Q: 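Here's a structure for you.
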Amino acid sequence: MTNPANASQPVRVRFAPSPTGFLHVGGARTALFNWLYAKKTGGTFILRIEDTDEARSTDASTDQILESMKWLGLDWDEGPFFQSQRWDIYEEHLKKLHEGGWIYPAFETAEELEAMRKAAMDAKENPIYNRAALKLSPEEVQAKIAAGESYVWRFKCPAGKITVPETLMTGGSAGNVVDSEELGDFVVTRATTGGGFGKPLYNLVCAVDDALMGITNVIRGVEHLSNAPRQMLLMQAWGYDVPSFTHLPLIMKNGKKMSKRDGDADKLFPVSVSARRDLGYLPEATVNFIALLGWSMDRENDLLTREDLIANFSLDGLSKANANFDEDKYLYINGWYIRNMPQAEIAERVKPFLEKEGLVAPERGNAWLANIIELERERCKLLSEFPEALRYFFIAPATYEEKGVKKLFEKDGVTELLDRTAAILAETHPFDAEHLEGALRAVAEEKGVGFGKVAQPIRLAVTGRMASPGLFEVLIALGKDECLARIRTAISHIQSSEGVPVA
RNA sequence: GGUCCCAUCGUCUAGCCUGGUCUAGGACGCCGCCCUCUCACGGCGGAAACAGGGGUUCGAAUCCCCUUGGGACUACCA
C-alpha cells in the first residue's frame with residue numbers, strides 16, 4: 001500500500017462542499033469532524049468550493065454555506081478556494097495524464113452508454129465501460145475527431161488489486177482493498193470536440209486539489225468511498241503522495257440517507273443548517289449534537305463544550321454504523337444550552353425572535369426583558385418558542401385555556417375569590433414576592449382552602465394559561481395595575497352572559 | 001443486477017482491535033416517585049439491546065464463516 005502522506009507531517013484537512021444548495025446537517029458534520037481534527041492536531045483546515053458543475057453551482061449557495069459555517073463557528077485557515085478558478089491547473093494535469101498515456105478519448109454517446117449499462121445489468125454483470133475506444137487505432141481516433149465527433153476522456157485503470165489507505169471503512173483489512181479492474185475506466189472530462197480536453201470532472205479536480213493542497217487526511221461521507229481508489233490512482237499517475245482516507249458513516253433520516261435533496265419541506269425538522277438557525281437552534285447545541293452522530297467522547301457524557309470536543313476528538317473513536325438523526329435528542333441538547341447559558345447571553349439571542357413577532361415593550365426596559373426571558377427559559381427548547389411563551393407579558397390574554405376555564409372559572413365562588421384576591425393585592429405594598437406570598441396565603445386561610453386553590457385562578461386570569469413560572473414572579477413582572485386590570489377583566493368575562501372566551 | 005460498507009436498548013452510543021472484570025454502562029425518549037402554587041427544571045428509581053445460525057476456545061457482545069437485515073455507490077453530478 002502506498003504510504004499515506006500523513007505519516008509525520010502536520011495535519012491538513014479540508015471541507016469541500018459543492019455549492020448546489022444550502023449546507024445541510026450531514027455536510028455540517030463532515031465539516032465539523034475535519035475542523036475538530038485540525039484543531040485537535042494543531043493542523044490546518046481548508047475550505048474548498050467544488051463548483052465545477054457550472055450548471056448547478058450558484059453564488060447564493062456558496063454564500064449560504066459560508067454563512068452557515070461561520071454561524072457554527074467552523075472557521076477555516078485557508079480558502080475558500082474555488083475550483084472554477086483553477087481550470088488551468090486541471091488542464092495541466094490532463095496534459096500530464098495524456099503524455100503518460102493514462103487517458104484516452106471515448107466516443108460513445110450517453111445513450112449508448114446507458115444501453116450498455118442496462119444490458120450488463122440484465123446479464124448480471126458489473127456495468128463498467130467495455131474499453132471499446134481503446135481498441136480504436138490512432139487513425140480511427142483521428143478520423144472521428146476530424147469528423148467532429150464528441151468524446152470524453154477516460155482514465156485507463158491498471159489491472160490488479162490496490163489498497164486504499166482507508167482508516168474506517170476497511171472491511172476488516174488494513175485498508176480498503178479493491179480490484180482496480182472493477183472500477184472501470186472512469187470519465188475524467190466532460191464531452192468536447194476537436195481534440196482538446198473538455199472541462200474536468202469531479203474525480204480529477206478533487207484528486208488534483210487534495211494533492212496540491214497537501215491534504216493529509218481526507219475525511220468525508222461514505223458515499224465517496226468508491227471514489228477514493230480512483231482518486232488514488234490519479235494521484236499516483238502524477239506521482240503525488242496519497243492522503244489517508246476516512247469515510248464517515250451516513251446520517252439517516254426516516255431510514256434513508258439524509259440529503260439536501262430532502263430540502264426543508266418539513267418545517268419542524270428541516271435539513272439545512274440555516275433553517276435550523278431560524279427555528280431557534282443554537283450553534284453550540286448543533287455542534288454538540290452532530291458531533292455525537294458517529295462519535296462519542298466517553299461512556300458518560302453527552303453535553304460537550306467545543307473545548308471538550310477539541311480535546312477529545314479522535315478518528316479512532318469514530319463509529320462505522322450509520323447514525324439516525326434523533327430530533328428528540330437534538331431538542332433536549334438545545335434546551336439544555338438555553339437553560340445553562342449566561343442570562344445576558346440568552347436574552348440577546350431571544351430578543352430578535354421576540355421582535356420578529358412584534359413583542360416589544362421599550363418602556364419596560366432591558367432589565368425587565370431579561371427578567372421575563374429568564375422566567376420562561378426552562379420551558380423553551382427552541383428560541384422560536386419564546387414569543388409564544390412570553391406573549392402574555394406583552395399582551396393581556398384575549399382567551400383562556402379551555403381546560404382551565406372548566407376546571408377553575410366554572411367553579412362556585414370563583415368570582416368572590418378573584419374579587420377578594422384583587423382587593424388584597426391592591427393593598428399589597430411593596431409588590432414583592434414576600435408580601436405577595438403573605439397576601440395570597442392570607443386569602444387562602446380566610447377562605448379555608450389550599451394555597452393552590454387561590455393561585456391557580458389568578459394565574460389563569462392573568463396569563464390565560466394553566467401553567468406558568470412562579471406566580472409571584474409573573475405578578476411582579478406584570479406590575480400591580482396590570483394584574484388588577486386582568487383579574488377584573490376575567491371576572492367580567494365570568495359574569496358575562498357570553499361566557500369566558502376560550503382558546 | 002454488480003461492487004462495497006455496516007449490524008449492542010425504540011434512538012445516539014460505551015464495550016469489540018488487545019476474548020474472562022458485561023447478571024452489557026451512559027444519554028435521549030418512555031413509565032413511576034419526589035420536589036411543588038401549575039407547568040417546566042431538578043433529584044431518585046424502572047422497563048428496555050449484544051439480529052439469527054454455525055464454528056474457534058476452558059470461556060465470545062468481543063475472533064472466523066454463513067444467513068438475514070440495513071445502507072452506499074453503480075453519471076459526460078459532487
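It should be emphasised that the depicted structure is a prediction, and the values quoted were computed from it without experimental measurement. Proteins get letters first, then strands, A, B, ... in listed order; numbering begins at 1 in each.
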Q: Check every strand shown and say whether A/Met466 touches a base, only sugar-phosphate, or nothing at a heavy-atom separation below 4.0 Å.
A: base
Q: Would you mind pulling out the nucleotide paired to B/A61, Watson-Crick or G-U wobble, both distances under 3.5 Å?
A: none
Q: What nucleic acid atoms does A/Ala323 come within less than 4.0 Å of, heavy atoms only: base, sugar-phosphate, or nothing?
A: sugar-phosphate
Q: Across all strands shown, which nucleotide pairs with B/A47 by Watson-Crick or G-U wobble geometry, both distances under 3.5 Å?
A: none
Q: Taking OP1 and OP2 of B/A14, is either one under 4.0 Å from a side-chain nitrogen or oxygen of A/Ser296?
A: yes
Q: Any pair with a residue in residues 443-455 of chain A that passes side chain to side chain donor-acceptor pair (under 3.5 Å), sequence neighbours left out, goes on the list, sorted by first then second residue, please.
A: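 Checked against side chain to side chain donor-acceptor pair (under 3.5 Å) - neighbours excluded - the pairs reaching residues 443-455 of chain A are A/Arg420-A/Glu446.
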Q: Go through the structure and list residues passing ring-ring contact (aromatic ring centres under 6.0 Å, His included) with A/Tyr281, not counting sequence neighbours.
A: A/Tyr330
Q: Salt-bridge test for A/Asp209 and A/Arg14: reply yes if a basic N is under 4.0 Å from a carboxylate O, no otherwise.
A: no
Q: Which part of the nucleic acid, if any, lies within reach of A/Thr109 when heavy atoms closer than 4.0 Å are counted: base, sugar-phosphate only, or nothing?
A: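 Answer is base: heavy atoms of A/Thr109 come under 4.0 Å of a base.
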Q: In whole Å, measure the gap between the P atoms of B/C44 and B/U57 for me.
A: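 47 Å, rounded to whole Å.
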Q: Pairs under 3.5 angstrom, nitrogen or oxygen only, protein versus nucleotides 68-72 of chain B, please.
A:
{"from": "B/G71", "atom 1": "OP1", "to": "A/Gly255", "atom 2": "O", "distance (Å)": "3.3"}
{"from": "B/G71", "atom 1": "O2'", "to": "A/Asn322", "atom 2": "ND2", "distance (Å)": "3.3"}

Q: Which part of the nucleic acid, if any, lies within contact of A/Val152, taking any heavy atom under 4.0 Å across all strands shown: a base, the sugar-phosphate backbone alone, or nothing?
A: base
Q: Relative to A/Phe82, does A/Arg86 satisfy both conditions: NZ or CZ under 6.0 angstrom from the six-membered ring centre, and within 45 degrees of the ring's axis?
A: no
Q: Looking at every strand, decide which applies to A/Leu471 at a 4.0 Å heavy-atom threshold: base, sugar-phosphate, or nothing.
A: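 Since a base atom lies under 4.0 Å of A/Leu471, the category is base.
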Q: Let's test your reading of the model: under 3.5 Å, does the base of B/C41 pair with the side chain of A/Arg339 as donor and acceptor?
A: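 Side chain to base: no pair present.
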Q: Please determine, for B/U36, whether a Watson-Crick or G-U wobble partner exists with both distances under 3.5 Å, and give it or none.
A: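 Checking every strand shown, B/U36 finds no partner, since no pair has both distances under 3.5 Å.
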Q: According to a strict under-4.0 Å criterion, is A/Arg190 in side-chain N/O contact with OP1 or OP2 of B/A78?
A: yes
Q: Once you round to the nearest 0.5 Å, how far does CD1 of A/Ile219 lie from CG of A/Leu248?
A: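 Reported value, rounded in 0.5 Å steps: 7.5 Å.
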Q: Considering only the C1' atoms, how many Å lie between B/U56 and B/C63, rounded to the nearest integer?
A: 8 Å
Q: Ignoring backbone atoms, establish whether A/Lys381 has a side-chain N or O less than 4.0 Å from OP1 or OP2 of B/G29.
A: yes
Q: So which of residues 329-338 of chain A are in contact with RNA chain B, with a heavy-atom cut-off of under 4.0 Å?
A: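 RNA chain B contact set from residues 329-338 of chain A: A/Lys329, A/Tyr332.
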Q: Does B/C28 have a Watson-Crick or wobble mate here (both distances under 3.5 Å), and if so which one?
A: B/G10
Q: Looking for any heavy atom pair under 4.0 Å, which part of the strands does A/Pro469 touch: base, sugar-phosphate only, or nothing?
A: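 Base contact.
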Q: Taking 4.0 Å as the cut-off, does a side-chain nitrogen or oxygen of A/Ser319 come that near to OP1 or OP2 on B/C6?
A: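 For B/C6, OP1/OP2 do not have a side-chain N/O of A/Ser319 under 4.0 Å.
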Q: Using a cut-off of less than 4.0 Å, is there contact between a side-chain N or O of A/Lys320 and OP1 or OP2 of B/C6?
A: yes
Q: Could you tell me how far B/A51 sits from B/G32 if I compare only their P atoms? Round to whole Å.
A: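 Between the two P atoms, the distance is 31 Å.
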Q: Closer than 3.5 angstrom, by distance alone: can the side chain of A/Thr170 be matched with the main-chain N or O of A/Glu166 as a donor-acceptor pair?
A: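 It does not hold such a pair.
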Q: Between A/Phe325 and A/Phe289, does the ring centroid distance fall short of 6.0 Å?
A: yes
Q: Roughly how many Å apart are B/A61 and B/G54, using the P atom of each and rounding to a whole number?
A: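 It works out to 14 Å between them.
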Q: Contact class for A/Gly450 vs. all strands (heavy atom < 4.0 Å): base, sugar-phosphate, or nothing?
A: nothing
Q: Measuring only the C1' atom in each nucleotide, how far is B/G69 from B/C76? A whole number of Å is fine.
A: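 To the nearest whole Å, 36 Å.
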Q: Classify the nucleic acid contact of A/Asp298 as base, sugar-phosphate or nothing, counting any heavy atom under 4.0 Å across all strands shown.
A: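 Answer is nothing: A/Asp298 stays at 4.0 Å or more from every strand.
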Q: Could you give the distance separating B/G15 and B/U62 at their C1' atoms, to the nearest angstrom?
A: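 About 8 Å, rounded to a whole number of Å.
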Q: Describe the nucleic acid contact of A/Ala321 in one word from base, sugar-phosphate, nothing, applying a heavy-atom distance below 4.0 Å.
A: sugar-phosphate
Q: Indicate whether OP1 or OP2 belonging to B/C37 is found under 4.0 Å from a side-chain N or O atom of A/Arg441.
A: yes
Q: Could you verify whether a donor N or O on one side chain and an acceptor N or O on the other, from A/Tyr337 and A/Asn288, lie under 3.5 Å apart?
A: yes
Q: Answer yes or no: does atom CG of A/Asp122 have more than 12 heavy-atom neighbours from other residues, nucleotides or ligands under 6.0 Å?
A: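 Yes, CG of A/Asp122 has more than 12 neighbouring heavy atoms, counting only those of other groups under 6.0 Å.
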Q: Quick check: on RNA chain B, is the nucleotide nearest A/Arg230 upstream (toward 5') of the one nearest A/Glu437, or the reverse? Name the residue that is more 5'.
A: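 Upstream on the strand: A/Glu437.
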Q: Identify, with sequence neighbours excluded, every residue that meets side-chain contact (heavy atoms from CB on, under 4.5 Å) alongside A/Asn340.
A: A/Trp336
Q: Under 4.0 Å, heavy atoms only, any strand: does A/Leu293 hit a base, just the sugar-phosphate, or nothing?
A: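 The answer is sugar-phosphate, as A/Leu293 gets under 4.0 Å only of primed atoms, P, OP1 or OP2.
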Q: Side-chain N or O of A/Arg465 versus OP1/OP2 of B/U38: is the shortest distance under 4.0 Å?
A: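 False: A/Arg465 side-chain N/O out of range (4.0 Å or more) of B/U38 OP1/OP2.
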Q: Under 4.0 Å, counting only non-hydrogen atoms across every strand here, what does A/Glu108 touch: a base, just sugar-phosphate, or nothing?
A: base
Q: Would you call A/Glu327-A/Arg276 a salt bridge at under 4.0 Å N-O?
A: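 Looking at A/Arg276 together with A/Glu327, the answer is yes, because their closest N to O distance falls below 4.0 Å.
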Q: Scan the side chains in residues 184-208 of chain A for donor-acceptor partners under 3.5 Å anywhere in the protein, sequence neighbours excluded, and list what turns up.
A:
{"from": "A/Asp185", "atom 1": "OD1", "to": "A/Arg131", "atom 2": "NE", "distance (Å)": "3.4"}
{"from": "A/Asp185", "atom 1": "OD1", "to": "A/Arg131", "atom 2": "NH2", "distance (Å)": "3.0"}
{"from": "A/Asp185", "atom 1": "OD1", "to": "A/Cys157", "atom 2": "N", "distance (Å)": "2.9"}
{"from": "A/Asp185", "atom 1": "OD2", "to": "A/Tyr104", "atom 2": "OH", "distance (Å)": "2.7"}
{"from": "A/Asp185", "atom 1": "OD2", "to": "A/Arg131", "atom 2": "NE", "distance (Å)": "2.5"}
{"from": "A/Asp185", "atom 1": "OD2", "to": "A/Arg131", "atom 2": "NH2", "distance (Å)": "3.4"}
{"from": "A/Thr189", "atom 1": "OG1", "to": "A/Trp153", "atom 2": "N", "distance (Å)": "3.1"}
{"from": "A/Thr189", "atom 1": "OG1", "to": "A/Phe197", "atom 2": "O", "distance (Å)": "3.0"}
{"from": "A/Arg190", "atom 1": "NH1", "to": "A/Thr52", "atom 2": "O", "distance (Å)": "3.4"}
{"from": "A/Lys199", "atom 1": "NZ", "to": "A/Glu54", "atom 2": "OE1", "distance (Å)": "3.3"}
{"from": "A/Tyr202", "atom 1": "OH", "to": "A/Arg220", "atom 2": "NH2", "distance (Å)": "3.2"}
{"from": "A/Tyr202", "atom 1": "OH", "to": "A/His224", "atom 2": "ND1", "distance (Å)": "3.1"}
{"from": "A/Tyr202", "atom 1": "OH", "to": "A/Gln231", "atom 2": "NE2", "distance (Å)": "3.4"}

Q: Any base atoms under 4.0 Å from A/Arg377, or only sugar-phosphate, or nothing? Heavy atoms, all strands.
A: nothing
